[in-house]
Amino acid sequence: MCLKKEGENSRLPVIMFLMDLPMAPNRGGIERVSFLLAREFLNRGHKVVALSFSDENKDDYEKLPNADYLYLKGEAKDKFTQFNNIIKDKGIDIVINQSRSLELRRLLKQSRPEGVKIISAFHNQPFSTYKKERHIKRLLKPATVRGYILKYLTILWPEIYRKERTKFDRDQLQDLIDASHKVVFLSQRFLPRVKSFMPDVDDSKLCAINNPNTFEVKELNQEKENIMLFVARLEEPQKNIKGFIDVWNLFYRKHPDWRAIIVGDGPDRKRMEKYAGRLAVKNLEFVGNQKDVAQYYSKAKILGMTSLYEGWGMVLTEAMAYGCVPVLFNTYEACEDIVEEGKTGFIVEDIDVKKMAEKCSRIAADESLRSEMSQQAKESIKKFNPDKIASQWLELFSEVS
C-alpha cells in the first residue's frame, strides 16, 4: 500500500467504509457521519467504497455520485469471499469499520487482507452502563417474567449485572482492537476510561477523533419561540425519554407559556405518551419522525438531552448550529468536548431532573443570557466542521501507513 499526503504525485489511498447498514445520510447518526466524511474524501481526490451488510432500501436514499455502493449477501462464508474479492478488485488501502457487530468483527479477524489497514470507529461511550445499572433497569419494561426478575435483581444488587456486563464490554472491545490497526474513539476523554477497565491494553492502538458537524451553522431570520426540544430515537434506556418528561413536568409549572416538543419515534413512544398522560403533563407534544428536523431546531430556544450514555450526541451540535441552547446530564465524557459549562450550555451533574429543570428555568428567565449562550454555541462548534475532521482522519491514515 502506498499512502501519500495530499499534493504528492503518488496515488491517494482508496477508502472503504464498512457498515451494518447502507450509508444513508438521513437514516442514522453513523450513516450520516460516514456520508459527510466520504464526501470530504471524494472532494480531496480519494476513491470511496461504501460496503454494507445489508442492501435494505438500497435505492431509497441520497447517494454520493462518485462513490461505489456495494452490499454483502448470503452466508458468512460467502460474505468472507465477497469481502476479500472487493478489497482486491477495488484496490482498497484503508477500511474504516463503523460497526461493533460480532459478524463484522469475525469478518475482519478472519480476513486480514494483506497490505490493508483496518481502522475501527467506536461510536459509544466505552463501558457505558457502569454504575448506571439501576437507572437503566428502571427504564426498561421486560417482556417476560424472567426479565422482570432480572430487572429487580439488578436494581437490588447492581454488582451482579455490572460484573457480567463489564466482561462483555471488555471482550467486545478487545476483539475490535485485535482486528484493527487503530481503534478511534469519539473523544480523548474516553481513553482514560478504557485504560481503567483494560490496564494492559495496547495504548498505541487507541486514538480519538471527534464527530463532524452534521448541520451547517445557520444565521436565523426568524424569532425563537418558547420551545424546549427533545430529539432522539424513542427507545429506552439510553435516551431516557422518561427523564425528559420529568424535567418538563417540573419546568412548565414555572413557565406555562412554554411548550415542549419530542421529535422522533421508536418502540417506547406509546409507553412514554402514556406516562406523560398519567402525569397529566401539559404543553407537551410528540410529533414522531420528521424529515426536516431543522425546522424545530430553528424555532426552539432550549434542547434538553437526558441520555444516560452517548458516544457523541449529535443532537447537541445539530441544535447548537441553530442557536438552540443545550442542557444535558453529565453522563458521558465527550459532552465536555461539545458544551462549555455556563457558556454554550449547561451540563448538569448527576442524573438529577430537578437540577436540570432549574438550569432550563434560568435560561427561560433571562433572555440576555439565552441570546449570548446561543451565539456562543453557534461559534464554538465550527471547530467540528467536516473539512477539519476529515483532515484529522487523513493524518491518521498517514500514521498507520
Side-chain angles (χ1 to χ4, degrees), residues 99-102 104-105 120-180 183-203 205-206 208 232-244 246-247 266-268 271-272 305-313 328-337 347-356:
S99 171
R100 289 180 286 152
S101 72
L102 178 60
L104 257 171
R105 297 199 315 268
S120 291
F122 197 93
H123 286 278
N124 207 341
Q125 178 189 38
F127 304 95
S128 58
T129 64
Y130 186 74
K131 290 191 175 180
K132 303 170 192 169
E133 296 87 2
R134 286 194 172 105
H135 288 286
I136 288 167
K137 290 298 183 180
R138 286 188 180 113
L139 291 170
L140 292 174
K141 185 178 181 180
T144 65
V145 173
R146 181 177 181 273
Y148 272 104
I149 293 171
L150 290 174
K151 171 179 177 173
Y152 289 109
L153 283 175
T154 300
I155 291 171
L156 291 170
W157 298 288
E159 296 81 6
I160 297 173
Y161 174 82
R162 183 177 300 162
K163 183 177 181 180
E164 180 182 340
R165 180 70 199 195
T166 299
K167 183 182 183 305
F168 174 85
D169 289 348
R170 186 183 291 114
D171 290 346
Q172 183 188 69
L173 182 50
Q174 188 61 59
D175 244 10
L176 209 58
I177 292 169
D178 292 342
S180 312
V183 175
V184 182
F185 295 87
L186 294 177
S187 171
Q188 286 284 348
R189 299 174 194 269
F190 285 142
L191 301 189
R193 185 180 185 89
V194 174
K195 190 69 176 176
S196 69
F197 284 94
M198 303 174 68
D200 297 326
V201 71
D202 183 354
D203 293 350
K205 282 196 167 188
L206 309 182
R233 174 171 167 77
L234 302 188
E235 183 172 12
E236 302 288 32
Q238 179 183 358
K239 301 303 180 181
N240 190 16
I241 308 115
K242 178 182 177 294
F244 177 80
D246 290 340
V247 170
D268 287 308
R271 183 160 69 99
M272 291 299 106
M305 195 178 88
T306 50
S307 299
L308 296 184
Y309 51 88
E310 291 284 349
W312 186 244
L328 62 149
F329 291 141
N330 191 15
T331 51
Y332 70 107
E333 295 87 341
C335 71
E336 294 184 81
D337 288 5
I347 301 174
V348 179
E349 293 300 323
D350 304 318
I351 305 169
D352 189 323
V353 297
K354 184 178 179 181
K355 287 181 182 177
M356 179 176 277

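Along the sequence shown, residues carry numbers from 1.
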Please report, to 0.1 Å, the donor-acceptor pairs under 3.5 Å made by any side chain of residues 142-152, with sequence neighbours excluded.
from, atom 1, to, atom 2, distance (Å)
T144, OG1, G147, N, 3.0
K151, NZ, L140, O, 2.7

Would you name the heavy atoms of [X] and [Y] that are closest together and state the gap between them?
X    : Y    : result
C335 : L328 : CB-CD1, 3.5 Å
T331 : S307 : OG1-O, 2.8 Å
S187 : A334 : CB-CB, 3.7 Å
T306 : M356 : CG2-SD, 3.7 Å
F190 : N124 : CE1-O, 4.3 Å
K239 : E310 : NZ-OE2, 2.7 Å

Is any side-chain heavy atom of [Y] closer than 4.5 Å to one of [X]?
X    : Y    : answer
K137 : I155 : yes
D203 : L191 : no
Q188 : E333 : no

Distance in Å, [X] [atom1] paired with [Y] [atom2], rounded so as to fall on 0.5 Å steps:
X    : Y    : atom1 : atom2 : result
Q238 : S128 : CD    : OG    : 7.5 Å
I347 : N330 : CD1   : CG    : 5.5 Å
M272 : N240 : CE    : CG    : 9.0 Å
E349 : K355 : CD    : NZ    : 7.5 Å
R189 : E336 : CZ    : CD    : 5.0 Å
K132 : F329 : NZ    : CZ    : 12.0 Å

Worksheet item: Do F122 and V184 pass the side-chain contact (heavy atoms from CB on, under 4.5 Å) test, and can you show the C-alpha distance, the side-chain angles, and the key distance before you say yes or no?
Response: CA-CA 6 Å; F122 197 93; V184 182; over 6 Å; no
Item to complete: Could you tell me which residues satisfy side-chain contact (heavy atoms from CB on, under 4.5 Å) with D202, sequence neighbours excluded, listed by chain and number?
Response: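 Listed in chain order: S204, K205.
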Worksheet item: Checking S101 side chain against L104 main chain: does a donor-acceptor pair fall under 3.5 Å?
Response: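 Confirmed, S101 side chain pairs with L104 backbone.
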Worksheet item: Is D352 reaching over with its side chain to a backbone N or O of K354, donor-acceptor style, under 3.5 angstrom?
Response: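 Confirmed, D352 side chain pairs with K354 backbone.
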Worksheet entry | With sequence neighbours excluded, residues passing ring pair (Phe, Tyr, Trp, His ring centres under 6.0 Å) with Y309 |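 With neighbours one apart ignored, the set is empty.
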Side-chain polar contacts of residues 172-179 - donor-acceptor pairs under 3.5 angstrom, sequence neighbours left out - could you list them?
from, atom 1, to, atom 2, distance (Å)
Q172, OE1, R100, NH1, 3.0
Q174, NE2, D178, OD1, 2.9
D175, OD1, K109, NZ, 2.8
D175, OD2, R105, NE, 3.2
D175, OD2, R105, NH2, 3.4

Practice prompt. Tell me, with the steps shown, if T154 and I160 meet side-chain contact (heavy atoms from CB on, under 4.5 Å).
Written response: CA-CA 7 Å; T154 300; I160 297 173; over 6 Å; no
Worksheet entry | side-chain contact (heavy atoms from CB on, under 4.5 Å) evaluation trace for I241 with E236 | CA-CA 7 Å; I241 308 115; E236 302 288 32; 3.5 Å; yes
Worksheet item: Around K141, counting heavy atoms of other residues, nucleotides and ligands shown, do more than 12 lie under 6.0 Å from its NZ?
Response: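 Counting neighbours around NZ of K141, 12 or fewer heavy atoms of other residues, nucleotides or ligands fall under 6.0 Å, so no.
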Item to complete: Scan residues 125-144 for pairs that pass ring-ring contact (aromatic ring centres under 6.0 Å, His included), counting only residues two or more places apart or in two chains.
Response: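 Sorted result for residues 125-144: F127-F197, Y130-F197.
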Discussion item. Can you pull out every side-chain hydrogen bond (donor to acceptor under 3.5 Å, both in side chains) where at least one residue sits in residues 159-168? Sequence neighbours excluded, please.
Written reply: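 Qualifying pairs, neighbours excluded: E133-R162, R165-D169, K167-D171.
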